[in-house]
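Accompanying notes for the structure given below.
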Amino acid sequence: MPELPEVETVRQGLTPVLVGRRLIRVQANRPNLRLPIPVDLAQRCVGRTVLALDRRAKYLLLRLEGGTVALIHLGMSGSMVARRLESHPDPGTHDHVIFETEDGWRVTFRDPRRFGLITLTTEDALDTHPLLAKLGPEPLSEAFDARVLVNGLGRRLTPIKMALLDQTIVAGLGNIYVCEALFRSGISPKRTAASVTGRRADRLAEAIRQVLVDAVAAGGSSLRDHRQADGELGYFQHAFAVYGREGEACPGCDCDVAKTGGIQRITQSGRSTFFCPRRQR
DNA sequence: ACGAGAACCTGTTTGC
DNA sequence: TGCAAACAGGTTCTCG
């Protein structure tokens with residue numbers, strides 16, 4: 001599920017609950033997710049104050065007093081929801097890790113498919129951590145523009161759709177926002193990565209930035225599992241131009257859907273791509 | 001090195 | 001109605 005906008009939404013929502021607060025209880029309810037949950041997770045977190053909650057690509061970085069950093073990835077179906085401790089909903093089967101603060105908040109990491117992960121590292125080792133070291137530029141930072149994008153795409157012959165999912169070229173995009181950014185920039189998902197240069201690259205870099213900004217402002221997209229930190233749904237799914245809209249009218253075309261077939265769905269490397277063949281070339 | 005496909009896991013939707 | 005297949009927001013490994 002969660003792409004950059006969903007992770008950023010969670011980060012923003014959890015920040016007021018966690019930052020500046022001491023953790024008084026951390027409990028893992030199973031030994032592993034995609035990776036083992038460190039056996040000393042609680043020992044290294046409890047009693048420490050949260051200094052910051054940051055995001056790098058689709059990872060959350062929970063920075064603790066003393067230099068410990070918890071790296072959290074939500075995988076496909078992960079969520080992090082904060083509730084007051086005195087409200088005690090049934091603990092769900094997929095509530096894998098619980099964080100509790102000194103002032104009575106409980107943050108629950110839930111992840112039915114368990115493609116997510118929680119691991120520990122330190123401030124010293126963060127830049128060279130295997131999960132982070134190869135990530136490309138943050139698309140919402142100054143470090144990202146058309147020149148950087150073109151450089152990353154290089155001479156690759158893979159479709160631009162696949163190149164944008166490669167986290168080493170640009171970090172944070174997933175299936176939804178790649179489809180939406182390609183639509184906004186009028187670029188066919190089937191075009192080779194290397195052929196996206198010049199004004200096309202300008203449009204694509206800008207579309208990536210814009211679609212992410214719009215999605216963060218809408219609290220991300222809730223197709224199934226995504227929840228904001230307060231448990232509310234995101235609502236950017238209502239603003240999709242193409243994603244999940246096979247057969248519907250393209251919002252940029254005024255042609256007859258019955259004639260053109262509207263938005264098309266194709267499969268690229270085993271994943272669905274949605275696009276308008278008339279507007280995207 | 002590159003690119004395609006499979007694997008990881010559970011839940012929901014779709015089709016016969 | 002019931003059951004099987006297809007599909008789902010991600011990442012990583014293997015194979016050609």
Side-chain angles (χ1 to χ4, degrees), chain A residues 1-11 29-37 55-60 71-80 92-96 109-119 129-136 139 152-182 189-195 208 211-212 214-216 218-228 233-240 242-247 265-274:
Chain A
M1 150 212 124
E3 307 181 32
L4 184 153
E6 289 74 36
V7 179
E8 178 60 20
T9 296
V10 170
R11 188 196 71 77
N29 295 325
R30 54 172 303 119
N32 63 294
L33 292 164
R34 201 181 91 210
L35 298 178
I37 297 171
R55 180 188 57 74
R56 173 74 173 108
K58 302 174 191 174
Y59 291 90
L60 290 169
L71 279 180
I72 302 170
H73 195 290
L74 301 176
M76 283 280 251
S77 58
S79 61
M80 297 265 286
T93 347
H94 304 301
D95 293 347
H96 305 308
F109 178 101
R110 173 178 302 182
D111 184 10
R113 292 179 73 178
R114 307 205 304 271
F115 289 168
L117 67 88
I118 295 186
T119 192
H129 193 284
L131 293 172
L132 304 182
K134 291 178 183 168
L135 292 171
L153 297 175
R155 297 180 187 176
R156 298 171 72 145
L157 296 180
T158 197
I160 184 65
K161 160 76 188 301
M162 303 319 300
L164 294 178
L165 289 175
D166 181 340
Q167 302 295 298
T168 70
I169 296 175
V170 184
L173 295 173
N175 209 29
I176 291 176
Y177 298 106
V178 166
C179 290
E180 294 295 316
L182 287 170
K190 296 191 257 188
R191 175 178 283 280
T192 64
S195 75
I208 288 169
V211 76
L212 295 176
D214 291 351
V216 171
S221 304
S222 292
L223 295 183
R224 179 160 290 146
D225 298 297
H226 170 59
R227 291 295 180 280
Q228 304 191 48
L233 299 173
Y235 47 95
F236 191 72
Q237 65 278 12
H238 304 300
F240 291 168
V242 290
Y243 188 85
R245 298 199 181 282
E246 182 182 19
R265 183 174 83 95
I266 59 174
T267 298
Q268 294 181 287
S269 293
R271 311 202 65 192
S272 288
T273 300
F274 299 89

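Below, chain A is the first sequence line, B the second, and so on; all start at residue 1.
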message = Would you compute the distance between atom CZ of Arg56(A) and atom NE2 of His73(A) and round it to the nearest 0.5 angstrom?
response = 12.0 Å
task = Give a yes/no answer on whether the side chain of His73(A) brings an N or O atom under 4.0 Å of OP1 or OP2 in dT11(C).
result = yes
query = Is the shortest side-chain N/O distance from Gln167(A) to OP1 or OP2 of dT11(C) below 4.0 Å?
reply = yes
ask   = OP1 or OP2 of dA4(B) sitting under 4.0 Å from any side-chain N/O of Ser269(A)?
value = yes
message = Check this one for me: any side-chain N or O of Ser272(A) less than 4.0 Å away from OP1 or OP2 of dA8(C)?
response = yes
key: Validation row: Tyr243(A), Ser221(A) side chains within 4.5 angstrom (heavy atoms)   = no
task = Tell me whether the OP1 or OP2 atom of dG10(C) has a side-chain N or O from Arg114(A) closer than 4.0 Å.
result = no
query = Which residue, Pro159(A) or Arg113(A), contacts DNA chain B at a nucleotide closer to its 5' end, judged by nearest heavy atom?
reply = Pro159(A)
ask   = Of Ile72(A), Leu131(A), Leu74(A), which is the lone residue that meets side chain to side chain contact (heavy atoms under 4.5 Å, CB included) with Tyr59(A)?
value = Leu131(A)
ask   = Does any nucleotide pair with dT12(C) by Watson-Crick or G-U wobble geometry, both distances under 3.5 Å, and what is it?
value = dA6(B)
inquiry  = Taking dG11(B) as the reference, what is the distance to dT12(C) when you measure between their P atoms (whole Å, please)?
reply    = 24 Å
message = Within the 4.0 Å heavy-atom criterion, would you say Arg265(A) contacts the bases, only the backbone, or no part of the nucleic acid?
response = sugar-phosphate
message = At less than 4.0 Å, is any side-chain N or O atom of Arg271(A) found next to OP1 or OP2 of dG10(C)? Yes or no.
response = yes
query = Quick one: is dA4(B) close enough that its OP1 or OP2 comes under 4.0 Å of any side-chain N or O from Thr158(A)?
reply = yes
Integer angstrom distance from the P of dA5(C) to that of dA6(B) = 16 Å
key: Gap between atoms CG and C1', on Asp111(A) and dC8(B) respectively (whole Å)   = 12 Å
inquiry  = Regarding Leu165(A), tell me which of base, sugar-phosphate or nothing describes its non-hydrogen contacts under 4.0 Å with the strands shown.
reply    = nothing
ask   = Does His94(A) place a side-chain N or O at less than 4.0 Å from the phosphate oxygens OP1/OP2 of dG11(B)?
value = yes
message = Less than 4.0 angstrom between a side-chain N/O of Lys58(A) and OP1 or OP2 of dT11(C), yes or no?
response = yes
ask   = Has Phe115(A) got its ring stacked on dT11(C), by the test of a centre gap below 5.5 Å and a plane angle below 30°?
value = no
task = Round to the nearest Å and state the distance from Glu246(A) atom CD to dA6(C) atom P.
result = 16 Å
query = Which whole number of Å gives the distance between the P atom of dA6(C) and that of dG5(B)?
reply = 16 Å
ask   = Can you check the His129(A) NE2 to dT11(C) P distance for me, whole Å?
value = 15 Å
query = Do His96(A) and Arg110(A) come close enough that some side-chain heavy atom pair is under 4.5 Å?
reply = no
request  = Could you measure between the two C1' atoms, the one in dG9(C) and the one in dG3(B), and give it in whole Å?
outcome  = 23 Å
request  = Output the single nucleotide from dG9(C), dT10(B), dT12(C) whose closest atom is nearest the side chain of Leu131(A).
outcome  = dT12(C)
remark   = Between CZ of Phe236(A) and P of dG9(C) the distance, given in whole Å, is 16 Å
message = Within the 4.5 Å heavy-atom criterion, are Tyr177(A) and Leu4(A) side-chain neighbours or not?
response = no
Shortest side-chain distance from Leu157(A), nucleotide among dG3(B), dT11(C), dT12(B) = dG3(B)
query = Once you round to the nearest 0.5 Å, how far does CE of Met80(A) lie from CD1 of Ile118(A)?
reply = 6.0 Å
ask   = Atom CG of Leu117(A) to atom P of dT12(C): distance rounded to whole Å?
value = 8 Å
ask   = What is the distance from NZ of Lys161(A) to C1' of dG5(B), rounded to the nearest Å?
value = 15 Å
query = Could you state the CG-P distance from Asp225(A) to dG9(C), rounded to the nearest angstrom?
reply = 11 Å
ask   = Side-chain contact, heavy-atom cut-off 4.5 Å: Ile176(A) with Phe240(A)?
value = yes
query = Given atom NE2 of His96(A) and atom P of dC9(B), what is their separation to the nearest angstrom?
reply = 12 Å
request  = Please check the phosphate of dG3(B) (OP1 and OP2 only) for any side-chain N or O of Arg156(A) closer than 4.0 Å.
outcome  = yes
